[in-house]
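Heads up, the thing below is written out as structure tokens.
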Number of protein chains: 2
Amino acid sequence: MAAANVKDVAALAGVSLGTVSNVLNRPEIVSPETADRVMQAIEKLGFVRNDAARQLKAGRSNTIGLVVLDVRNPFFTDLARGAEDGAGAAGLSILLGDSGRSHERETAYLDLFEEQRVHGVLVSPLSDVARRLEGLRRRGIPAVLVDRSGTGSGFSSVSVDDVAGGRLAVEHLISIGRRRIAYLAGSFDFSQVTDRLRGAREAVASHPGTTLEVIDIGGLTVLEGRAAGERIVARAADDRPDGIFTANDLIAVGVLQALVMQSDIRVPGDVALVGYDDIDFAQTAVVPLSSVRQPSALLGRTAVEILLDEARDPTLQPRQIVFQPELVIRASTVP
Amino acid sequence: MAAANVKDVAALAGVSLGTVSNVLNRPEIVSPETADRVMQAIEKLGFVRNDAARQLKAGRSNTIGLVVLDVRNPFFTDLARGAEDGAGAAGLSILLGDSGRSHERETAYLDLFEEQRVHGVLVSPLSDVARRLEGLRRRGIPAVLVDRSGTGSGFSSVSVDDVAGGRLAVEHLISIGRRRIAYLAGSFDFSQVTDRLRGAREAVASHPGTTLEVIDIGGLTVLEGRAAGERIVARAADDRPDGIFTANDLIAVGVLQALVMQSDIRVPGDVALVGYDDIDFAQTAVVPLSSVRQPSALLGRTAVEILLDEARDPTLQPRQIVFQPELVIRASTVP
DNA sequence: GATTCATTCTGAAGCGTTTCAACGCACCCT
DNA sequence: AGGGTGCGTTGAAACGCTTCAGAATGAATC
């Protein structure tokens with residue numbers, strides 16, 4: 001009834017403890033017949049290795065901690081999936097923690113991971129966790145920042161080039177003939193929001209005759225997008241932008257609701273629209289939404305790879321990997 | 001440089017191993033002065049308890065495994081959050097695994113949890129995991145099914161009464177004067193889909209003069225909802241339902257797109273619409289959507305409580321807890 | 001037959017914690 | 001003075017695994 005351990009298996013198979021362990025961990029050094037006998041004993045007893053003992057011996061757990069800002073955000077779940085794949089390839093698993101943008105929870109997870117002696121941690125940091133991560137590193141636990149540049153922090157990072165994303169979106173609007181571009185966003189204290197704006201500015205700057213109007217809509221939600229859309233609808237036709245770029249897809253969906261529902265403005269005929277993030281709803285919107293997609297899974301996978309490299313060789317210099325986003329063109333810009 | 005352990009702390013504080021452990025685990029039995037000295041030593045050395053050793057000694061880890069079908073589904077993330085809260089209250093943490101509806105991943109997580117000697121597992125099962133869970137139970141790891149009735153399986157479960165949800169939705173449609181109700185759904189092999197239908201049938205049956213038309217739209221997505229909506233738009237006005245209940249919110253959003261965008265049918269004037277799940281997009285739809293909400297977090301929290309009860313006393317009879325869903329009324333039924 | 005070598009297996013040591021019986025001590029009560 | 005009580009502390013044992021130096025065996029070489 002009590003869980004079987006290696007000793008029980010060894011006794012049943014008529015071998016020593018060490019041999020059972022070898023069957024489990026280095027099967028190539030034990031003779032096929034012995035291995036077979038041991039396997040049968042394992043089967044018979046329903047033996048399951050005790051991970052705690054194994055970890056205690058090994059000095060570290062075979063897991064990687066991942067703290068994300070919000071599991072409900074598909075960006076992070078895709079990222080987590082990528083990280084899991086990467087970890088799985090190395091025989092590790094991912095411990096997923098959702099900080100929900102709470103400092104307290106973020107810290108709690110890092111504490112937990114430290115007690116667990118994880119292989120390393122991946123963090124999409126709420127704010128400045130550099131000091132905390134520094135402490136982990138001193139203990140031999142490397143960390144990689146995800147979705148945030150680690151430049152200057154002394155840590156490696158994987159992130160997406162939001163400036164390029166903004167440029168991509170607006171270049172596209174310009175390439176389909178739009179001249180009066182508007183950037184709709186809120187929460188300008190998020191670096192993502194301002195980086196995308198910077199990219200938009202660059203695109204406009206390099207195309208004479210185009211203008212960029214920046215509209216602060218106060219937030220990043222559908223409702224705020226719709227309100228902003230209504231204000232645009234209310235404008236005189238020749239005062240409206242003919243291309244709109246929004247800081248995320250939620251805003252774009254809101255804008256779309258206002259334009260298509262509450263007016264006869266055509267999308268993309270009169271106004272072309274590009275969102276950001278390529279959420280599921282982007283392609284199922286009333287007018288399928290062009291959007292900038294981030295390679296989330298790749299981000300996760302790469303973060304794990306860097307982490308493992310650093311776990312292997314702690315003297316490695318921190319690396320900042322920046323991925324390029326991708327534009328997904330749909331009917332909101334090209335009918 | 002090497003991580004400090006209790007021995008180091010004990011040496012620095014000039015006490016024995018046991019005392020350090022007592023400070024950590026039963027501070028009330030050690031004198032304040034000693035405790036203080038130990039705490040200072042811990043601080044100074046940056047001692048962090050090694051969870052593996054602790055778990056090895058304890059025989060089980062202080063975590064609960066949770067396997068969900070899809071982390072991207074808000075229902076499950078809310079559930080996970082509830083489970084975390086419940087676990088946190090008991091000093092445990094949640095190991096979250098996403099099976100992504102893959103048998104392989106589901107099994108892999110259960111294996112992992114077993115090796116980790118988790119306190120118990122919560123599973124939203126892909127199919128029949130009863131045998132596997134039986135094995136876990138024999139090893140002293142209790143399991144609770146979530147979002148699925150465990151009746152007959154020998155396991156406790158927490159789920160939501162989908163029949164009641166269907167009844168609730170259709171009763172509401174009838175109460176606002178609708179008589180020709182349609183139920184739009186796909187994937188009739190999911191028990192949720194058929195249970196909701198059953199509830200709808202019950203509601204119609206108890207209100208003479210009302211009818212229920214069941215429309216199989218082939219799936220559960222926005223696109224299929226929109227296609228179905230278009231077919232309804234194409235019907236003669238007096239052949240259309242005046243109340244539509246959909247198996248989930250995605251379908252409802254699709255229907256809404258078709259009705260409001262591609263016709264002059266008014267919602268709720270001509271057709272009232274009720275969805276299911278109350279996803280974020282329900283309230284930000286062009287016409288905010290009435291929907292049936294499930295108490296996801298409560299489900300998670302309760303599942304953990306039952307699990308801990310069973311961990312404490314394995315002879316407990318399995319309990320089937322069924323929660324009642326709640327109707328959230330918005331403009332798609334009541335202007 | 002002695003020596004070397006490769007192969008396979010053994011079993012004790014040790015990972016860091018918690019637990020628990022035992023101990024020392026001060027104090028109080030006869 | 002002897003015995004009892006309670007508090008605070010001690011330190012060895014145990015949890016189940018992996019590792020590793022060495023033993024045992026058999027084959028190959030001299």
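A, B, ... follow the sequence lines: proteins, then strands. Residue 1 opens every chain.
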Would you call A/E310 and A/R137 a salt bridge, taking side-chain N to carboxylate O under 4.0 Å as the test?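 No, A/E310 and A/R137 are not salt-bridged.
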With sugar-phosphate taken as primed atoms, P, OP1 and OP2 and all else as base, the protein-contact string of nucleotides 10-19 of chain C at under 4.0 Å (heavy atoms; B, S, -) is BB--BBBBBB
Exercise for review: Please state how far atom CG in A/L45 lies from atom C1' in D/dG16, giving the value in whole angstrom units.
Suggested key: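 In whole Å, D/dG16 C1' lies 15 Å from A/L45 CG.
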query = Can you tell me how far C1' of D/dC15 sits from CD of A/Q55, to the nearest Å?
reply =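 Going from A/Q55 (CD) to D/dC15 (C1'), I get 14 Å.
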Scan side-chain atoms only and decide if A/Q294 and A/D277 contain a donor-acceptor pair under the 3.5 Å cut-off.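 Present: a donor and an acceptor within the cut-off.
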| Under 3.5 Å: donor-acceptor pair, side chain of B/E106, backbone of B/V67 |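 The answer is no, because no donor-acceptor pair under 3.5 Å joins these two groups.
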*Using modelled atom types only, decide if a donor and an acceptor are shared between the side chain of A/N5 and the backbone of A/D8 within a distance under 3.5 Å.*
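It does hold such a pair.
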Enumerate, atom names and distances included, each donor-acceptor pair closer than 3.5 Å involving a side-chain atom of residues 76-83 of chain A, sequence neighbours excluded.
| from | atom 1 | to | atom 2 | distance (Å) |
| --- | --- | --- | --- | --- |
| A/T77 | OG1 | A/P74 | O | 3.0 |
| A/D78 | OD1 | B/R72 | NH1 | 3.0 |
| A/R81 | NH2 | B/D98 | OD2 | 2.6 |

